[in-house]
Amino acid sequence: QVQLVESGGGLVQAGGSLRLSCSASGRSITSYNMAWFRQAPGKEREFLAVIWWSGGSTYSADSVKGRFTISRDNAKNTLYLQMNSLKPDDTAVYYCAADLVRGSSRYRMPDEYDYWGQGTQVTVSS
């Protein structure tokens, strides 16, 4: 089992940057595919990016490709999401998640993930 705690959210102006962190405890994040999602009010939870358990590959949704970068620090057992060129539409609660099934092709689907953090609010002002 793994416990996930996000941090780093806040209020930022459009065009600014934030780095979100997801600190894991209980088990190494290298055991899981790790992902970031977000959910805006009244909308479904949206997949943003995944980093595979092997650490060698990542994949990002088209909506954030080129602006958001997922990475991890194995020594700190922490997942990151670097967010640049933020827009008001990026306003949402951001979640990290862990998937026990390493080979799953359903990595974009929230119900694929076994563990979730509590979320961190990101607000982008215009």
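For the single chain, residues carry numbers from 1 onward in sequence order.
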Measure the shortest side-chain to side-chain distance between [X] and [Y] over non-hydrogen atoms and say whether it is less than 4.5 angstrom.
X    : Y   : result
F37  : L48 : no
Y80  : I51 : no
N84  : Q82 : yes
Y113 : Y32 : no
L86  : F68 : yes

Taking all non-hydrogen atoms of both residues, which atom of [X] and which atom of [Y] are closest, and how far apart?
X    : Y   : answer
S125 : L11 : CB-CD1, 4.3 Å
S126 : A14 : CA-CB, 4.4 Å
G9   : L20 : N-CD2, 3.6 Å
T78  : S21 : CG2-CB, 4.1 Å
T58  : W52 : C-CZ3, 3.7 Å
F47  : A35 : CE1-CB, 4.4 Å

Q.
As a quick check of understanding, evaluate side chain to side chain contact (heavy atoms under 4.5 Å, CB included) for R27 and Q1, giving each step before the final call.
A. CA-CA 6 Å; R27 196 167 175 180; Q1 197 169 8; over 6 Å; no
What's the spacing between [X] [atom1] and [Y] [atom2] if we round to 0.5 Å?
X    : Y    : atom1 : atom2 : value
I29  : K76  : CD1   : NZ    : 12.0 Å
L18  : T120 : CG    : OG1   : 9.0 Å
S71  : L79  : OG    : CG    : 7.0 Å
R108 : R106 : CZ    : CZ    : 11.5 Å
Q121 : T91  : CD    : OG1   : 7.0 Å
N33  : S54  : CG    : OG    : 8.0 Å

Q | Heavy-atom neighbours of Q13 CD exceed 12 at 6.0 Å | A |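 No, the 6.0 Å shell around CD holds no more than 12 heavy atoms from other groups.
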Q. With a cut-off of 6.0 Å (strictly less than), are more than 12 heavy atoms of other residues, nucleotides or ligands near NZ of K87?
A.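 Open: at most 12 neighbouring heavy atoms sit under 6.0 Å from NZ of K87.
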Q.
Show, in sequence, the C-alpha distance, side-chain angles and deciding distance for V64 and M83, and conclude whether the side chain to side chain contact (heavy atoms under 4.5 Å, CB included) test is met.
A. CA-CA 9 Å; V64 300; M83 306 187 296; over 6 Å; no
Any sub-3.5 Å donor-acceptor pair from [X]'s side-chain atoms to [Y]'s backbone N or O?
X    : Y   : answer
Q118 : V5  : no
N77  : S23 : no
R72  : W53 : yes

When the side chains of residues 92-100 are checked against the rest of the protein, which donor-acceptor pairs come out under 3.5 Å, sequence neighbours left out?
{"unit_1": "Y94", "atom_1": "OH", "unit_2": "R38", "atom_2": "NH1", "d": "3.0"}
{"unit_1": "Y94", "atom_1": "OH", "unit_2": "D90", "atom_2": "O", "d": "2.5"}
{"unit_1": "D99", "atom_1": "OD1", "unit_2": "V101", "atom_2": "N", "d": "2.9"}

